[in-house]
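Before we start, here is the structure in question, set down as structure tokens.
Read the numbers this way: they start at 1 and go in the same order the structure lists the ligands and their atoms.
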Amino acid sequence: MTAKIATATGAQHAALLGLGSYRPSRVVTNAEICEHIDSTDEWIRTRSGIIERRFSEPHETVQMMSVAASRTALERADIHPAQIDCVLVATVSHLWQTPAIAPLISAELGSTPAAAFDISAACAGFCYGVTMGADMVRSGTAKYVLVIGVERLSDITDPTDRGTAFIFADGAGAAVIGPSDVEGIGPVVWGADGEKFDFIRQKQSWIDVLALERAVMPHLQMEGNPVFRWASFEMAKVAQEALDRAGLTVDDLDVFVPHQANMRITDAMARALKLPERVVIARDIAYQGNTSAASVPLAATALLESGEAKSGQTALFIAFGAGLAYAAQVVTLP
Ligand code: COA
């Protein structure tokens, strides 16, 4: 007779319990970017909405920024690092093929032996992690999950590439997810379109780099315009579906936190969703640039810290990027 295996059971509901972020110290102006590319401050501001961005100093490593953001999130959640059962790190700029950075971050925080692994879903990675974390809490796989989005894109961006040099930047954001009396993380709408794999990608594989006469860093490259059109048209539909799946409409929303890819994409989505005037829209890209997996938690934390958004409010998260991978969910802000 086949042995009867017990089924894991968890909390009925999951929620974000705390958010934190870390912004690197070095401010990089458009003028500095234009020292390496044929562009202007005005072009960058009008085409992307970026006024300045942050690049990490050498000591502001992926690990260091993640630990700083996580400590703030843990403190705000009132959760001790030892209570964390799983650490998920969304990043594309931890430049070791193995091991993942998550176990190192977990050890520095004092969360060992929590399960720990990285998520490679580029800009969508944090929203992928929020869903995975919530599912773990509800299934009983973990009681508390730490989700981190972190990037040092300045390491893998070619400062002479006109199509990407002004966009990408560095930073970290973190969220603690745990059990809740009421639902705080709505059903996800997520997916990926591998047919558009080439739209945003590393220029060469590590194998290709070895075959070169002189090794180079395989920088990011992007088909800006097709990405722009895909994001502006397709992502509003995904955002609307996330609202529908949560059983809500735009009238229930207080805050909209889209991936900080380009201010014009944010505006196009807000128009397509017909967001009421009173909905607060995250516009962190102006002073932070596009930080890929870190952008949603950085932007959400900034709104809470400035008082523009408040604990208990309903927010729509959506993130999208290389893959092309995307994910959206409605959350209650912690
Ligand atoms: N500075 C000045 N001019 C530039 C430039 C730069 N850095 N880059 C391109 N241009 C010029 C082009 O040469 C072109 O000139 P032309 O009309 O004389 O031929 C013109 O600007 C328009 O180029 P295009 O590539 O169509 O620009 P765009 O309006 O699509 O804007 C991006 C470029 C990168 C800002 C935009 O495509 C974008 O934001 N894409 C999505 C980015 C994104 O979200 N990426 C991450 C997803 S996670």
Review point. Do you know the tightest heavy-atom contact between G171 and A294?
Key: O-CB, 3.4 Å

**Study point:** Enumerated ligand 1 atoms positioned under 4.0 Å from heavy atoms of G321
**Key:** 48 (S)

Revision key, fill the gap. Residue, atom and distance of the protein heavy atom nearest atom 35 (C) of ligand 1 read N262 ND2, 3.6 Å

Exercise for review: Examine F55 and I44 and state if one hydrophobic cluster contains both, with Ile, Leu, Val, Met, Phe, Trp and Tyr joined whenever side-chain heavy atoms are less than 4.5 Å apart.
Suggested key: yes

Review point. Out of C123, A322, G224, G323, whose heavy atom is nearest to atom 41 (C) of ligand 1?
Key: G224

Check your understanding: Is the closest heavy atom of T40 to ligand 1 under 4.0 Å?
Key -> no

Review point. Can you tell me how far CD of E52 sits from CG of D41, rounded to the nearest 0.5 angstrom?
Key: 10.5 Å

Point to revise | Protein contact to atom 4 (C) of ligand 1 [nearest heavy atom, distance to 0.1 Å] | key: W43 CZ2, 3.2 Å

**Study point:** Polar proximity ligand 1 side, R47 side, N/O cut 3.5 Å exclusive
**Key:** yes

Point to revise | For atom 44 (O) of ligand 1, the protein heavy atom that lies nearest, with its residue and separation | key: A261 CB, 3.1 Å

Point to revise | For M222, the ligand 1 atoms whose distance to one of its heavy atoms is below 4.0 Å | key: 42 (C), 43 (C), 45 (N), 46 (C)

Practice item. Could you tell me whether the side chains of Y22 and E60 share a donor-acceptor contact shorter than 3.5 Å? Key: yes

Review point. Side chain, backbone, both or neither: which part of F166 comes within less than 4.0 Å of ligand 1 when only heavy atoms are counted?
Key: side chain

**Study point:** Option among D155, D170, T61 that satisfies the side chain to side chain donor-acceptor pair (under 3.5 Å) test with S56
**Key:** D170

Check your understanding: salt bridge (Lys or Arg N to Asp or Glu O under 4.0 Å): which pairs involve residues 116-144, sequence neighbours left out?
Key -> D135-R138, R138-E183

